[in-house]
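Hydrogens, waters and symmetry mates play no part in the numbers below; they use all other heavy atoms, side chains included. Atoms within each ligand, like the ligands themselves, are counted from 1 in listed order.
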Amino acid sequence: MNVQSMFGRIAPRYDLLNHLLSLGADRGWRRRAVACASQLPHGAVLDLACGTGDLTVALAEGLTPQRLVAADFSAQMLELAQRKMARLLPGREVELRRCAAEDLPFGEGEFDLVTIAFGVRNFASLERAMRECCRVLRPGGHLVVLEFTLPGSRVVRGLYGAYSATVMPLVGGLLSGSFSAYRYLPRSIRSFARSGALPRAIGASGMPIVRAECYTLGVVELVVARKPQ
Ligand SMILES: C[S@@+](CC[C@H](N)C(=O)[O-])C[C@H]1O[C@@H](n2cnc3c(N)ncnc32)[C@H](O)[C@@H]1O
């Protein structure tokens, strides 16, 4: 599966499917991430794997950054993000950058805050991406990650597993035209959550995790790490 072209294919229907398949909960998850970010220094913010820019817009509306950069490796996603920002954030300057998380075109310590919503499980090299996030953060800066995970309760996990194995690929496939993408997405959530790769990669980058919590019966987790001073 070429993840970059997959996201390009599903980009036009990405927002609709996000809201539909999460039953509208995705807005609340991003609001939680913004609420968390608002308590952290956020003069210069990088929203990595920004997709169509929903978190970027929420950050622009909920925080007061002097610099806000939205980055993604998909040209199609960035084009939609650009249109959304022109519509929802008139007169606000948001830099859009096309780049891979594993090779960020920014200098050391340029950002106070890096956010990543529902991106990390797709990264080709999570360890490299986390090292890059750490490099572009200033000492004392924070990384805020929002990602799907598996609910702790066996009953909820079973129900969620059935939903993501049937409804997600069917509805996602019919509306986006890409059944393979919406089969990949729930599979990637399962394997990523079971692997424990996120805390390992964040730890290996040298940033201790300072906060971790789950929402909506444990289907989504928020992880905050801090680059040492
Ligand atoms: C599931 S979407 C999430 C988008 C957005 N953050 C949101 O909250 O809806 C994942 C995004 O990550 C991007 N992505 C995946 N791997 C990437 C990588 N290695 N470097 C940069 N962007 C990547 C995809 O192009 C896609 O736009």
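- Shown in contact with Ser74 at under 4.0 Å from a heavy atom are these atoms of ligand 1, numbered in order with element: 25 (O).
- Contacts between Ala11 and ligand 1 below 4.0 angstrom, taking non-hydrogen atoms only, are absent altogether.
- Of the protein's non-hydrogen atoms, Cys50 O, 3.3 Å is the one closest to atom 5 (C) of ligand 1.
- Within 6.0 Å of the CD atom in Glu93, the count of heavy atoms belonging to other residues, nucleotides or ligands does not exceed 12.
- Ala49 CB, 3.3 Å is the protein heavy atom nearest to atom 12 (O) of ligand 1.
- Of all heavy-atom pairs spanning Leu55 and Arg30, the tightest one is N-CD, 3.6 Å.
- Short contacts between ligand 1 and Arg30, defined as distances under 4.0 Å to a heavy atom of the residue, involve ligand atoms 7 (C), 8 (O), 9 (O).
- Dense packing is recorded around CZ of Arg138, with more than 12 heavy atoms of other residues, nucleotides or ligands lying under 6.0 Å away.
- With respect to Arg67 and Glu110, a salt bridge is recorded, a charged nitrogen being found less than 4.0 Å from a carboxylate O.
- Selection from Leu55, Asp103, Asp72 by nearest heavy atom to atom 13 (C) of ligand 1 gives Asp72.
- Residue Arg211 places its CZ atom among more than 12 non-hydrogen atoms of other residues, nucleotides or ligands, all under 6.0 Å distant.
- Inclusion of Leu48 in the set of residues having an N or O under 3.5 Å from an N or O of ligand 1 is not warranted.
- Backbone and side-chain nitrogen or oxygen atoms of Met77 are examined, and none is located within less than 3.5 angstrom of a nitrogen or oxygen of ligand 1.
- A heavy-atom separation below 4.0 Å is not found between Asp54 and ligand 1.
- Considering all non-hydrogen atoms of both residues, Ser74 and Arg98 come closest at C-NE, 4.3 Å.
- Atoms of ligand 1 lying under 4.0 Å from any heavy atom of Glu102, numbered from 1 in the order shown and given with element: 19 (N).
- Proximity of Cys99 to ligand 1, defined as any heavy-atom pair under 4.0 Å, is confined to the backbone N, CA, C and O atoms.
- At least one cation-pi condition fails for Arg121 and Phe148: the charged atom is not both under 6.0 angstrom from the six-membered ring centre and inside a 45 degree cone around its axis.
- Atoms of ligand 1 found under 4.0 Å from any heavy atom of Asn18, numbered from 1 in the order shown, are 9 (O).
- Nearest heavy-atom pair across Val224 and Leu40 is CG1-CD1, 4.3 Å.
- The nearest non-hydrogen atom to atom 3 (C) of ligand 1, considering only Phe73, Phe123, Phe148, Tyr14, comes from Tyr14.
- One finds no salt bridge joining Arg128 and Glu132 here, because no Lys/Arg side-chain nitrogen approaches an Asp/Glu carboxylate oxygen to under 4.0 Å.
- Heavy-atom proximity to Ala101, at under 4.0 Å, picks out these atoms of ligand 1: 18 (C), 19 (N), 20 (N), 21 (C).
- Taking a cutoff of 4.0 Å between a charged side-chain nitrogen and a carboxylate oxygen, Asp15 and Lys84 qualify as a salt bridge.
- Counting the atoms of ligand 1 from 1 in the order shown, those under 4.0 Å from a heavy atom of Gly51 are 4 (C), 27 (O).
- Protein heavy atom in closest approach to atom 10 (C) of ligand 1: Phe118 O, 3.4 Å.
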